[in-house]
Amino acid sequence: MLELNLIKKNSAEIIQKLAIRGGDYSQKINDILDLNEKRIKNQQALDEALRESNKIGQLIGQLAKVGNFEKLEVLKKKATQIKTKAKELNNLSNITIKDLEEKLVSIPNTPDLSVPIGNSANDNQEIYRWGKSNKSSQIKPHWELAEKYDIIDFENGSHITGSGFPIYKGMGAKLQRALINFFLEYNNTKGYTEYIPPYFVNEKSAFNTGQIPDKEGMMYHINEDNLFAIPTAEVPITNIFKNKRFTHKELPIKCTAYSPCFRREAGSYGKEVRGLNRLHQFDKVEIVQICQPEKSYEILEEMVSHVSELLKKLNLEFRIVKLCGGDLGFTAAMTYDFEVYSPAQKKWLEVSSVSNFETFQANRLKMKYINNETKEIQLCHTLNGSSLALPRIMAAILEQNQTDDGIIIPKAIKDYINFNKITV
RNA sequence: GGAGAGGUGGCCGAGUGGCUUAAGGCGCACGCUUGGAAAGCGUGUAUAUGGAAACAUAUCGGGGGUUCGAAUCCCUUUCUCUCCGCCA
């Protein structure tokens, strides 16, 4: 949620930034400003009424002490009248505030000015490319390899639950587990504290990180308890720090967590969902940082190089893409996507999305810090990224590391796994 | 699931209808003291909204009610703790 006082101060700049997403938000922003004016007027009238009523209340207290009950009764009547008026004003004020909140919540985050303008993924900017994989025509897709080596059972998974819920088996399960450990341990060495979060969250938590109201349909919902299965560990992890006030010494907060992720992915079909391309349940290791506003873009770069390191250690061909305004998520101000190459599908698969949310989440979470120099209380900036999403990493390892007699296990994870090659 | 106890400021903790934003303590900041430090002493120290400011209003888990007036009484909801039950 954007900060109301920033909208008030810099509405022109905000409209300009939002235009990077490809829409004209000036009407919405103006509506918000109008509603805010209305809100302030209401509040002032209400405060005035309450002030009067408080004064009379005090007077009554004094009169009661000296026993002047005649005058007291007169004042009581007057106070009741004011109270009635105050109640009306209060109702009016509540309606306006609700209206205002609703409008405010519907506005996406303002992209950073460096975000390229564009409508779709086609307008994203590739900023980095690394590695080289075998592109021969003999290359097999990962779903065929998974079957050949009997390490992932897509069919049985879809019988047990539905499509998009694969079963990892034997060396496949071990590889997955080794990768998770490798990611977590590497994150640990870079100062990220490990967490195991809840895998279900309530409505408020989902709202705080921006899944609601924007992406409600993407989450599995348990009606009976009104809980959402987490689409990413970002949701519970970021919520850990709601209503906190940090000192500059405590920042940045660095967290990492492994969790399964659940996504409904309604509307996906065909080759998009083939094999490990898109699943309803998948594993992911996440990194989250909370920091002072002036440091967030520096930290974004740090996180980008962190994720790059992981991919280089796995020796996977990948590229980094800076998302354009039109492809940017609702809550993000800037996002870098990491994509590994699938030589068999001849396409890039997203394995990480590293974003700076600036104050967008912190505003809903009331996550603040005290500026050491000015002593002002400001909202923190939040950032997160995958490090990494397992299925597509798995797909890339299978495809990029395939040989005639097996899949070569990346050297980087040899400490976490007790074989060098997946064989029949 | 049953029964009980409780949620007060950054933290601990007092407070059962009126000058209580809230005693006391801890912590923190500044000053005095000291060769320096500790101790000691003194002063200050919640947040949000509106306002140029003075100041005003709101906030003692959330919501509602009683009352001229609620941290304090009533209703409701939520969370935590203890005991019992069930259980990996």
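Note on naming: letters A, B, ... go to the chains in the order of the sequence lines (proteins, then strands), and numbering restarts at 1 for each one.
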Nearest-angstrom distance, [atom1] atom, [N] to [M]:
N: B:rC73; M: B:rA5; atom1: P; answer: 14 Å
N: B:rG63; M: B:rA14; atom1: P; answer: 25 Å
N: B:rU45; M: B:rG10; atom1: C1'; answer: 10 Å
N: B:rC87; M: B:rG4; atom1: P; answer: 24 Å
N: B:rU47; M: B:rG61; atom1: C1'; answer: 16 Å
N: B:rC74; M: B:rA23; atom1: C1'; answer: 27 Å
N: B:rC12; M: B:rU16; atom1: C1'; answer: 22 Å
N: B:rU21; M: B:rA29; atom1: P; answer: 29 Å

OP1 or OP2 of [N] versus the side-chain N and O atoms of [X]: is any pair under 4.0 Å?
X: A:Arg51; N: B:rC55; result: no
X: A:Asn54; N: B:rA58; result: yes
X: A:Lys8; N: B:rG50; result: yes

When the distance from [atom1] of [X] to [atom2] of [N] is rounded to whole Å, what number comes out?
X: A:Arg39; N: B:rU57; atom1: CZ; atom2: P; result: 17 Å
X: A:Lys204; N: B:rG62; atom1: NZ; atom2: P; result: 13 Å
X: A:Gln62; N: B:rG18; atom1: CD; atom2: C1'; result: 10 Å
X: A:Glu376; N: B:rA29; atom1: CD; atom2: C1'; result: 18 Å
X: A:Lys242; N: B:rG61; atom1: NZ; atom2: C1'; result: 13 Å
X: A:Leu100; N: B:rG50; atom1: CG; atom2: P; result: 11 Å
X: A:Lys368; N: B:rA46; atom1: NZ; atom2: C1'; result: 12 Å
X: A:Ile97; N: B:rA58; atom1: CD1; atom2: C1'; result: 11 Å

With the side chain of [X] defined as its heavy atoms from C-beta on, choose the nearest nucleotide among [options].
X: A:Ile377; options: B:rU47, B:rU49, B:rG18; answer: B:rU47
X: A:Leu50; options: B:rC19, B:rA58, B:rG50; answer: B:rA58
X: A:Arg245; options: B:rG18, B:rU47, B:rG50; answer: B:rU47

Whether [X] and [Y] hold their rings parallel, tilted or perpendicular, with breakpoints at 30° and 60°:
X: A:Phe360; Y: A:Phe330; answer: perpendicular
X: A:Phe246; Y: A:Phe241; answer: tilted
X: A:Phe165; Y: A:Tyr220; answer: tilted

Quick one: do [X] and [Y] make a salt bridge, cutoff under 4.0 Å?
X: A:Lys368; Y: A:Glu376; answer: no
X: A:Glu73; Y: A:Lys77; answer: no
X: A:Glu48; Y: A:Arg51; answer: yes

Could you please name the partner base of [N], counting Watson-Crick and G-U wobble pairs only when both distances are under 3.5 Å?
N: B:rC55; answer: B:rG50
N: B:rC41; answer: B:rG31
N: B:rG36; answer: none
N: B:rC60; answer: none
N: B:rG17; answer: none
N: B:rA23; answer: none
N: B:rG69; answer: none
N: B:rU80; answer: B:rA5

Next on the checklist: Between A:Asp47 and A:Ala64, which residue's closest nucleotide on RNA chain B lies nearer the 5′ terminus?
Outcome noted: A:Ala64
Checklist entry - Can a donor-acceptor pair be found between the side chains of A:Glu194 and A:Thr256 at a distance below 3.5 Å? => result no
Item to check | A:Arg364 charged N/C atom sitting above A:Phe207 aromatic ring, 6.0 Å / 45° | outcome: yes
Item to check | Donor-acceptor contact present, side-chain A:Ser53 to main-chain A:Ala49, <3.5 Å | outcome: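 Flag not set: sc A:Ser53 to bb A:Ala49 has no pair under 3.5 Å.
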Checklist entry - What is the nucleic acid contact for A:Leu59, judged by heavy atoms within less than 4.0 Å: base, sugar-phosphate only, or nothing? => result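 Result for A:Leu59 = nothing.
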Item to check | Contact state string [nucleotides 65-81 of chain B, B base, S sugar-phosphate only, - no protein heavy atom under 4.0 Å] | outcome: S--BS------------
Next on the checklist: Quick check: A:Tyr192 with A:His306 (ring centres under 6.0 Å apart)?
Outcome noted: yes
